[in-house]
Amino acid sequence: MATIYSFKEIEEKWQKYWQDNKSFCADSDPAKRKYYLLEMFPYPSGKIHMGHVRNYTIADVAARFRMQQGYEVLHPMGFDAFGQPAENAAIKNKTKPDIWTHKCIDMMRSELKQMGFSYDWEREVSTCDADYYRWNQWIFLKMFERGLAYKKASAVNWCSSCETTLANEEVVEGGCWRCHTKVDQKDLDQWYLKITEYKERLLDDLQQLSHWPERVIAMQTNWIGKSQGVEIYFRLKGSDTVIPVFTTRVDTIFGATYCVLACEHPLVKELIKGTPQEKEALRFIEKVVKESKITRASSDVKKEGVFTGAYVINPVNNEEIPIWIADYVLMDYGTGAIMAVPTHDQRDFLFAKEHGLSMRVVIQASGSTLQSPGEMKEAYEGDGIQVNSGQFNGLQNQEATQKIAEWMEKQGIGKIQTHWRLRDWLISRQRYWGTPIPMIYCPKCGIVPVPYEDLPVDLPRDAPFTGEGGSPLGKVKEFVEVSCPKCKGKSRRETDTMATFFDSSWYFLRFCSPKFEGAPFDEKQAKYWMPVDQYIGGIEHAILHLLYSRFFTKFFQDLGMIDFPEPFNRLLTQGMVLKDGEVMSKSRGNIVDPDSIIKRYGADTMRLFILFAAPPETELEWDDRGIEGAFRFLNRVWRIQENLKEKAAPDVLKALHKTIKKVTDDYQDFKFNTAIASLMELTNAIYQSGADKEVFKNLVLLLGPIVPHFCEELWQMMGGRGSITKVAWPKYDPQYLIESTVTMVVQVNGRVRARREFPADITEEDLKSHVLSDEKLSPWIQNKPIRQFIVVPQKLVNIVV
RNA sequence: GCCGAAGUGGUGGAAUGGCAUACACGUCGGUCUCAAAAACCGAUGAGCGUAAGCUCGUAAGGGUUCAACUCCCUUCUUCGGCACCA
């Protein structure tokens, strides 16, 4: 590694310049087009990692590019500063979360500045500051007023290691998303947000998000989990009790040969009472309920169950069918009861075989005449023709699904219904380092919200959090003991804090007016800046953060504070940075520290490499030799400036204008790797033929967004004034893109046989006569009749013989 | 099982119906040098051939087309999400 340009000096110089001149402060200017560029803000761990470097470098190029294109750019940065790691670190280092977090923020801010990112630091926010979290409390109160925040006692996900509850979205493969401890179920009285009230809009509006990655849309669709079907009413034999059952395959109703209830189904105890099998059933139920959800899900083959002794009547044919209890039916989906159709559902098939239950074929695959279930080796779950289905025989099953549903509704024996997977969002956390939930419990008045004028409910600076469980705030007397806002009687504060995903569900709005006093955000500012034009972050937030943010946005829309339904117009999910094919992690010991790269090569080289090595969306393999190559390229460019000519050769001018077009298009589409490749090609061309001052200045402008310090310095050396970010983006002259002659490929039967120069405007006839009289081509064409002559203008001819 | 993404030289990757492998890394050769480094120039998919050149080649197989990495069908592999979801 040979150093030509002194990156250290240059980078420090320009970072100071940008700061002193407030080069990146955004101002809402109605005369200009705005561009709001946002990256998912970091948790302040104290050090940035390569994932941050990649995420923020991608964004920074876009921001600087838009600035030069004349947009008013909002490019803010802040810190998602509440959360558990601060508590753990504070316990470990015998300090306070508050002190630890602010120290980390200071460290990270200075690391981000070292990268040369174009943030408007005047707008920085930290979610742990009362100026921020008081608006969490404000939003919570608004939701409470509208019945969207409510308290409910129920079985919740509990992580025994983190000593706190978890949202459904925070349970990953049956474990805690943070520490992977197995999640238990625990009965607790907790606060929920009614995100389910927005399920239709959250699903339907995904359609509008045409610039979101397909996989994120798919994951959210999946998560919301809409399924349409029919709720069928089965009457208990010898009683008026009705057992509703949900199915998406009402076309198979005539093949229902038994029903199954989940163990937790409220009717179960009643049904088995006093029957000979009561004891066996109770033992079975106890066993299943004890097993957690995860183990039930993983035991995929064996289906166990017991007969209740009771029967229901199938309303379509008045058949009596037995009711079973089984482990494969879950209480928390549908109605907790199913109709079983062994011939057309694989789970029912296995269960029926195991317990010798009867079966009936009701759907025949086209071309099949299968009637006897005994011949079946597995359930037939495909489409076909209805058989054994009364008046619906002969219909295509998809048509029958519709007809049967309508008929059942008319008969009053069923109802067309939709079921959803999405559950309400549990936000209570038994932790210290979070936003206090602004609620008061009065023995006389019940649950009383803290009045708006009393916000914020400050988080006490001292609390005995030890990691031993229970809400730490509950141990702070001055915090807990409060008088009721209504009756002034002795009352008690809520001691749980909010899940930190609450904080990040609206921070993009706060950035529009970070110091606004009257509300979470200034509606006028939000109207100018929102929605975010481009959002960039990791795929790990595809469900959680992005779904919650969409929910909050719709809530603000309902409050009339904003007039758009979706917060993020475009979303880019950047790929991970790998080392030796694996994710960088402490445990693997394969971490490359950005700081060490900055020291050795400078921030510009790291930015260049990370953009060049792979397109933004794909995984990126870190390569120490690749970074050498990036550094080499910058030195190459630097050296051009020492050997400028009076006048550039025409081929270099041509190359320049082609490059301006290519780079502009590529930046627009976040194709930075190919933009850099074409800038390298231009550099190679300059090395061949030499460049003049004009050409070089343009090269510097084009490279500016990627390696800003380097280019600012070169720009100044070339006599430029001020920051390069204020200089208009280069325009290409189409005249240079017009070629007088072109090299065309000549194919015979689709195989390349020659390349020939032709005038760009040659007619097809001339082309034909030239090509056909070409001696070199004659062996391929000779004496064979020409069937077709295909011309792709300026590119290729294909002779078919 | 369902949904989604991907599979191209020794390596990262380019080409979205029209020259497969741009650009870079690595490797090899050359120039410069007492020498080395750096820098600069050149070669670099595989096979056959002295050569001009020919053949094969984008996970596998089939199809559409004058022409397919690209579009369609089937299959395989990897990664990600959801999952006894009725």
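Within every chain, numbering begins at 1; the chains are lettered A, B, ... in the order of the sequence lines, protein sequences first and strands thereafter. Everything quoted here is computed from the prediction, not taken from an experiment.
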Checking A:F307, A:F351, A:F234 against A:Y258 for ring-ring contact (aromatic ring centres under 6.0 Å, His included), the one that qualifies is A:F351

Here the distance between atom P of B:rG80 and atom CH2 of A:W223, to the nearest Å, is 17 Å

In whole Å, measure the gap between the C1' atoms of B:rA20 and B:rA67 for me.
14 Å

Applying a 4.0 Å non-hydrogen cut-off, can you work out what A:E619 is touching in the nucleic acid: base, sugar-phosphate, or nothing?
sugar-phosphate

If only side-chain N and O atoms of A:R753 are considered, is one of them under 4.0 Å from the OP1 or OP2 phosphate oxygen of B:rC19?
no

Nearest-nucleotide check on RNA chain B, A:A630 vs A:Q688; residue mapping nearer the 5' end is A:A630

Among the nucleotides B:rA86, B:rA39, B:rG81, whichever has the atom closest to the side chain of A:R632 is B:rA39

Using Watson-Crick geometry (N1-N3 plus N6-O4 or O6-N4) or G-U wobble (N1-O2, O6-N3), each under 3.5 Å, B:rU31 is paired with B:rA39

(message) I want to check one thing: is the phosphate of B:rC40, taken as OP1 and OP2, less than 4.0 Å away from some side-chain N or O of A:R636?
(response) yes

>> Main chain of A:E381, side chain of A:H344: is a donor-acceptor contact present, judged purely on distance under 3.5 Å?
In response: no

### Query
Taking atom P in both B:rC19 and B:rU58, what distance in whole Å separates the two?
16 Å

Atom NE2 of A:H541 and atom P of B:rG81 are separated, to the nearest Å, by 14 Å

**Prompt:** With ring centroids as reference points, do A:F631 and A:F633 lie under 6.0 angstrom apart?
**Reply:** no

**Prompt:** Between B:rU65 and B:rC73, how far is it from one C1' atom to the other, in whole Å?
**Reply:** 16 Å

Salt bridge or not for A:R215 and A:E617, using N-O below 4.0 Å?
no

In Watson-Crick or G-U wobble terms, with both distances under 3.5 Å, the base opposite B:rC84 is none

To the nearest angstrom, the CD-C1' distance between A:E617 and B:rG80 comes to 14 Å

*Evaluate the side-chain proximity of A:F710 to A:V637: yes if any heavy-atom separation is below 4.5 Å, no if none is.*
yes

Scanning all shown strands, the Watson-Crick or wobble mate of B:rC54 with both distances under 3.5 Å is B:rG47

Picking from B:rG18, B:rC3, B:rA22, the nucleotide nearest the side-chain atoms of A:A218 would be B:rC3

Exercise. Does any N or O donor sit under 3.5 Å from an N or O acceptor when you compare the side chain of A:N222 with the base of B:rC82?
Worked result: no

Worksheet item: Does the side chain of A:N673 come within less than 4.5 Å of A:L611's, by heavy atoms?
Response: no

*Using only heavy-atom distances, decide whether a donor-acceptor pair under 3.5 angstrom links the side-chain of A:R755 to the base of B:rC19.*
yes

| task | For residues A:W425 and A:F501, establish whether the separation of their ring centroids is below 6.0 Å. | result | no

Winner on side-chain proximity to A:T248, out of B:rC25, B:rC19, B:rA86, is B:rA86

Across every strand shown, the nucleotide meeting Watson-Crick or G-U wobble geometry with B:rG7 (both distances under 3.5 Å) is B:rC76

Against the side chain of A:Y328, the closest entry in B:rA86, B:rC84, B:rC66 is B:rC84

Notebook entry, point to check: OP1 or OP2 of B:rA24 sitting under 4.0 Å from any side-chain N/O of A:R625?
Noted result: no

Reckon A:N684 touches a base, only the sugar-phosphate, or nothing at all at heavy-atom distances under 4.0 Å?
-> sugar-phosphate

The nucleotide from B:rA86, B:rC23, B:rG81 with an atom nearest the side chain of A:F612 is B:rC23

From CZ of A:R215 across to C1' of B:rA5 the rounded distance in Å is 7 Å

In whole angstrom, give me the gap between the C1' atoms of B:rA46 and B:rU21.
13 Å

Margin query: Using the C1' atom as the point on both nucleotides, what is the distance between B:rU8 and B:rA68, in whole Å?
Written below: 14 Å

pair_partner(B:rA68), Watson-Crick or wobble, both distances < 3.5 Å, evaluates to none

Among B:rC40, B:rG81, B:rA14, the one nearest any side-chain atom of A:P615 is B:rA14

Winner on side-chain proximity to A:Y687, out of B:rC40, B:rC25, B:rC82, is B:rC40

Open item on the list: Base, sugar-phosphate or nothing for A:G225? Non-hydrogen atoms, less than 4.0 Å.
Closed with: nothing

Could you give the distance separating B:rU64 and B:rU74 at their C1' atoms, to the nearest angstrom? 15 Å

Exercise. What does A:F633 touch in the nucleic acid at a heavy-atom separation under 4.0 angstrom: a base, only the sugar-phosphate, or nothing?
Worked result: nothing

**Q.** Any donor-acceptor N/O pair, A:Q208 side chain to A:D205 backbone, under 3.5 Å
**A.** no

For B:rU55 and B:rC2, measure between their C1' atoms and round to the nearest Å. 45 Å

The glycosidic conformation of B:rG9, counting syn as within 90° of 0 and anti otherwise, is syn

> So what does A:N798 touch, heavy atoms closer than 4.0 Å: a base, only the sugar-phosphate, or nothing?
Replying inline: base

Walking RNA chain B from its 5' end, the first of A:E621 and A:L796 to be reached, judged by nearest nucleotide, is A:E621

From the candidates B:rA15, B:rG81, B:rG18, the one with an atom nearest any side-chain atom of A:K671 is B:rA15

Checking B:rA22, B:rC66, B:rA86 against the side chain of A:Q788 (C-beta onward), the nearest is B:rC66

Pairing partner of B:rC19, by Watson-Crick or G-U wobble and under 3.5 Å for both distances, is none

Among B:rC66, B:rC56, B:rC40, the one nearest any side-chain atom of A:R751 is B:rC56

Interatomic distance at P, B:rA43 relative to B:rU33, whole Å
24 Å

